[in-house]
Amino acid sequence: MKMAEKIKIDIVSDVVCPWCVIGYKRLEKAIDQLGLQNQVEIEWQAFELNPNMPVEGQALQEHLSQKYGSTIEQGKQSRAQLTQLGSEMGFTFDFFDEMRMPNTRDAHILIDYALESGKQTELNLRLIAAHFSEQKD
């Protein structure tokens with residue numbers, strides 16, 4: 001029996017999903033530990049966490065409160081947990097009080113377009129870092 005040349009992994013995520021970043025970093029670590037870097041092909045599939053998000057976005061705490069009923073204290077605890085998990089995986093979450101939840105539709109269009117040139121992962125990680133690590137909207 002002949003093995004397939006590459007294992008294809010579809011990742012369904014949004015560039016503003018902190019748990020998606022943690023999941024990807026864990027996957028990346030497993031691939032590295034198993035020495036499968038040349039045997040895995042990743043394709044990113046769009047999933048808008050907030051498809052009805054206004055073009056201008058929304059304040060993060062306001063969004064979390066409306067969508068999940070999260071209190072300010074719960075939000076702080078969640079962000080602290082994500083910051084710790086990110087640090088363990090080599091990713092920096094730099095949450096700040098004025099942080100916004102952006103509309104990500106255009107980001108997904110770009111990521112889809114980047115598939116043609118094999119740059120999806122690079123672009124996706126760049127957008128994630130801009131949002132979570134560099135305080136960019």
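All values derive from a computational prediction rather than experimental measurement.
By the rule that hydrophobic residues join a cluster once side-chain heavy atoms approach within less than 4.5 Å of another member, V21 and L82 end up as members of one cluster. Cluster membership check: V55 does not share its hydrophobic cluster with L110, using side-chain heavy-atom separations under 4.5 Å among Ile, Leu, Val, Met, Phe, Trp and Tyr.
In this structure, CD on Q135 lies 11.5 Å from CG on D137, to the nearest 0.5 angstrom. Within the model, atoms CZ of R126 and NZ of K136 stand 5.5 Å from one another, a figure rounded to the nearest 0.5 Å. Between the CD1 atom in I111 and the CD atom in E122 there is a gap of 12.0 Å [rounded to 0.5 Å]. Note: I42 CD1 to I31 CD1 = 4.5 Å, rounded to the nearest 0.5 Å. Here the CG-CZ distance, from N50 to R105, works out to 11.0 Å after rounding to the nearest 0.5 Å.
Applying the 6.0 Å contact sphere to NZ of K67 captures more than 12 heavy atoms from other residues, nucleotides or ligands.
At least one donor-acceptor pair closer than 3.5 Å links the side chain of S117 to the backbone N or O of A114.
A side-chain donor-acceptor contact under 3.5 Å links Q58 and Q66.
Judged as a side-chain contact (heavy atoms from CB on, under 4.5 Å), and not counting sequence neighbours, the contacts of Q61 are S65, I72, R79. Partners of Q74 according to the side chain to side chain donor-acceptor pair (under 3.5 Å) rule, which considers only residues two or more places apart in sequence or in another chain, are T71. With sequence neighbours excluded, the residues satisfying side-chain contact (heavy atoms from CB on, under 4.5 Å) with Y113 are E116.
A parallel orientation is assigned to the rings of F93 and F95, their planes being inclined by less than 30° (bins at 30° and 60°). Between H63 and Y68, the two ring planes are perpendicular [angle over 60°; tilted spans 30° to 60°].
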